[in-house]
Protein chains: 2
Amino acid sequence: MRTDERAAAKLRATIFDVARHAGVSIKTVSRVVNNEPNVREATRDKVRASIDALHYRPNAAARGLSAKRSFVIGLIYENSEEFSYTKDLLSGVLGACETHNYSLLLRPLTLPSAEVSHSIHSFIRLTAAEGVVLPAPIGDMPEVMQVLSGLDVPVATISPKHPRSADISVYCDEADATFRLTEHVLALGHTHIGFIKGHPDHRASHERLAGFTQALQTNKIGLDASLTEDGFFTFESGRQAAFRLLRRERPPTAIIATNDEMACGVMHAAHELDLHIPHDVSIAGFDDTAVASRLWPPLTTVRQPITEMAEAATSRLIQRLIGDEPGAPEACSPGLFPCQLVIRRSTAARS
Amino acid sequence: MRTDERAAAKLRATIFDVARHAGVSIKTVSRVVNNEPNVREATRDKVRASIDALHYRPNAAARGLSAKRSFVIGLIYENSEEFSYTKDLLSGVLGACETHNYSLLLRPLTLPSAEVSHSIHSFIRLTAAEGVVLPAPIGDMPEVMQVLSGLDVPVATISPKHPRSADISVYCDEADATFRLTEHVLALGHTHIGFIKGHPDHRASHERLAGFTQALQTNKIGLDASLTEDGFFTFESGRQAAFRLLRRERPPTAIIATNDEMACGVMHAAHELDLHIPHDVSIAGFDDTAVASRLWPPLTTVRQPITEMAEAATSRLIQRLIGDEPGAPEACSPGLFPCQLVIRRSTAARS
DNA sequence: TTGTAGGCGTTATCAG
DNA sequence: CTGATAACGCCTACAA
């Protein structure tokens, strides 16, 4: 018997083996495997039993070849130093891929680079990815979007500057989060607050600044524009901005950096100036990266549900690929997610 | 013409299109694509030109189906909180996969878990991975190795406890690195040094302890066993161990934690006890994770060439899969890598 | 050095 | 509801 031969040779059972075992045709097995209609329930059970008995798993290559689909999702991300964002991202995207039986292929990008377009083009051609997930700031790069739309590949963006630019996009209410973060600082008695902006290419930068100014307005605190410094989401830019702020004649009693990396830089600057945190200056960050809880004092910050956002974006992307009715509940899942304020000891009442 | 139809329909060119364009048979095209011998140079050039002209890319599914290979490498890793290790790992493995035209599929594991065997089994069956890369501590889990050898999948381990347990393995001279780290601390005048061990399941723990005791011996410093505390590579275990050490009647003037996570814990403990670093106590870690340079003061630690190790392990694995002669230079690349001492400001001369 | 035939394990088409 | 048969694009074996 051929089936036995296979088993003896440790070969995987094929759809033919299952069909023979169940006494049906391969097409019926195929129907069962793919949850297609038009199979009597009894037949379906019989086939399922055979599948279990033979430990049958469909061959991905054959399936892809025949169906002209790759069942591959591509994740294109910036291969930056800070990795906890990517870690959470990966968890979410991978989770969604697994539940939908898709494979995930990675394409890290080292920015800035002149070869981005080419790199992405060959990535798509080679992997035949059916759709790609683009976390910030990749989803905001015009050349990337151009290549992708030229290749006719559906895209899901995470935290893009312009939600409308992609087929699917998810983001956070970062303005609201920064608003709440600022109110927390204000509630501690600080009125002279330094603010370090993020890289202008990120949606996040504008959102966060907006939330900050909004909070000042709401609380009737005049905005001192000179207390708002440029930053680029890097450690060193945060450190430099902090030096500028802390060496002022009348330095701020609290500094809000728009990400944890820069908040680290602020802490270093404060230490270098022999300032005590939070006694002399309160410090807050944004992102709740792994370092935030490791610093001393632990950093007050904001956590975004990155994993959930990534999972939602990917699920919606796959649903679109499969062609599910857009009326399905998941397809309508909101693109806007809430952030969570994480208060630690780096912020304290004004002394 | 069929070729034109394809172009019009935006379909990828196939091997037939290239063959027709170049005026040869598909087998010749196949030979050129796979760099097989027995093709006249002129013919080869002609085919290459056609490949370029038609933007031909072999269809991975068809190739895999026919050749009965998946061209997939699996990476099974622990999905822990600390991710910079995994980040470096990923870079290396991905790099090697790309240069050899393999795809990388990920399987994060949340430990401890009772379903590890099952998870890995279905991962391999589903992805048909030809080989897997196992970073520590996954490569030391007997049930994992058992499943994999039962499935007859070649394995490359990174920093395993027993290098011989896998087909291929790479590791670092962590004992030597810890020896040098300890000598650095000794050179600063410290003779009363606390040491926090790592999780006993990791090869690293034993190596690092060995390097430490060796350094003490070499420098004729008596080993005070009571200054060696248990730790498990976690932040909290480091913090607790530090409390035990620093509350002693005669506390150590320096503490070596066997990873950065625990060193963070030591720093927190020191701060909580109002001790100044490095004035009251010098602190060193191991791994040079992202946090190390962000802490204040920046942490003295040891950097392992994780990326290079991962790349080497993966390359060797793939070469084995391809069946290259083991005499090839890369195949003989050493399994032992050097570590680098990174001296920062958390260690200073004894006061 | 080059080409031909057959098959890899699915899914799609269309007939029963 | 079910099944025979033809793709899908490539590689291996064997011829020429």
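A note on names: the letters A, B, ... follow the listed sequences, proteins ahead of strands, and every chain is numbered from 1. FYI, side chains are in, hydrogens and waters are out, and symmetry mates aren't considered; it's all heavy atoms of this structure.
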| query | Does Ile26(B) have any side-chain contact (heavy atoms from CB on, under 4.5 Å) partners at least two apart in sequence or in another chain, and if so, which? | reply | Ile15(B), Phe16(B), Ala19(B)

| task | Looking at every strand, decide which applies to Asn59(B) at a 4.0 Å heavy-atom threshold: base, sugar-phosphate, or nothing. | result | sugar-phosphate

| query | CD of Glu41(A) versus C1' of dT2(D): gap in Å, rounded? | reply | 15 Å

| Can you list the residues that meet the side-chain contact (heavy atoms from CB on, under 4.5 Å) rule with Ser122(A), with sequence neighbours excluded? | Arg107(A)

| task | Can you pull out how bent the helix from dT1(C)-dA16(D) to dG16(C)-dC1(D) is, comparing the axes over its first five and last five pairs, to 10°? | result | 30°

| task | Would you please confirm or rule out a distance under 4.0 Å between OP1 or OP2 of dC8(D) and any side-chain N or O of Thr14(B)? | result | no

| message | Can you give me the closest heavy-atom contact between Asn35(B) and Arg48(B), atom names plus distance? | response | OD1-NH2, 4.1 Å

| said: Applying side-chain contact (heavy atoms from CB on, under 4.5 Å), can you list everything that pairs with Gln146(A), at least two apart in sequence or on another chain? | reply: none

| Euclidean distance, atom CZ of residue Phe16(A) to atom C1' of dA6(D) [Å, nearest integer] | 12 Å

| said: Over all strands shown, is Arg69(A) touching base, sugar-phosphate only, or nothing at heavy-atom distances under 4.0 angstrom? | reply: nothing

| query | In whole Å, what is the span from the CG atom of Leu54(A) to the C1' atom of dG9(C)? | reply | 15 Å

Report all side-chain donor-acceptor pairs from residues 39-46 of chain A shorter than 3.5 Å, counting only partners two or more places apart or in another chain.
| from | atom 1 | to | atom 2 | distance (Å) |
| --- | --- | --- | --- | --- |
| Arg44(A) | NH1 | Glu36(A) | O | 3.4 |
| Arg44(A) | NH2 | Glu36(A) | O | 2.8 |

| message | I'd like to check the side-chain contact (heavy atoms from CB on, under 4.5 Å) partners of Asn101(B); sequence neighbours left out, ordered by chain and number. | response | Leu126(A)

| query | From the list dC8(D), dG3(D), dT2(D), which nucleotide is the closest neighbour of the side chain of Val24(A)? | reply | dG3(D)

| field | Phosphate contact (dT4(C) OP1 or OP2) by Ser25(B) side-chain N/O below 4.0 Å | value | no

| Separation of atom CZ in Arg20(B) from atom P in dG3(C), rounded to whole Å | 14 Å

| message | Please encode protein proximity along nucleotides 11-16 of chain D as a string of B, S and -, counting only heavy-atom distances under 4.0 Å. | response | BBB---

| ring pair (Phe, Tyr, Trp, His ring centres under 6.0 Å) contacts touching residues 100-146 of chain B (sequence neighbours left out) | Phe71(B)-Tyr102(B)

| Expressed in angstrom and rounded to an integer, what is the separation of Lys68(A) atom NZ from dA7(D) atom P? | 11 Å

| Okay, side chain of Ser70(B), backbone of Ala128(B): is any donor-acceptor separation there less than 3.5 Å? | yes

| task | Would you kindly give the CG-to-P distance between Leu65(A) and dG9(C), to the nearest whole Å? | result | 12 Å

| task | Round to a whole Å and report the spacing from CG of Asn38(A) to P of dG16(C). | result | 18 Å

Considering only distance and modelled atom types, tabulate donor-acceptor pairs under 3.5 Å from the side chains of residues 87-94 of chain A, sequence neighbours left out.
| from | atom 1 | to | atom 2 | distance (Å) |
| --- | --- | --- | --- | --- |
| Lys87(A) | NZ | Ser80(B) | O | 2.9 |
| Ser91(A) | OG | Lys87(A) | O | 3.1 |

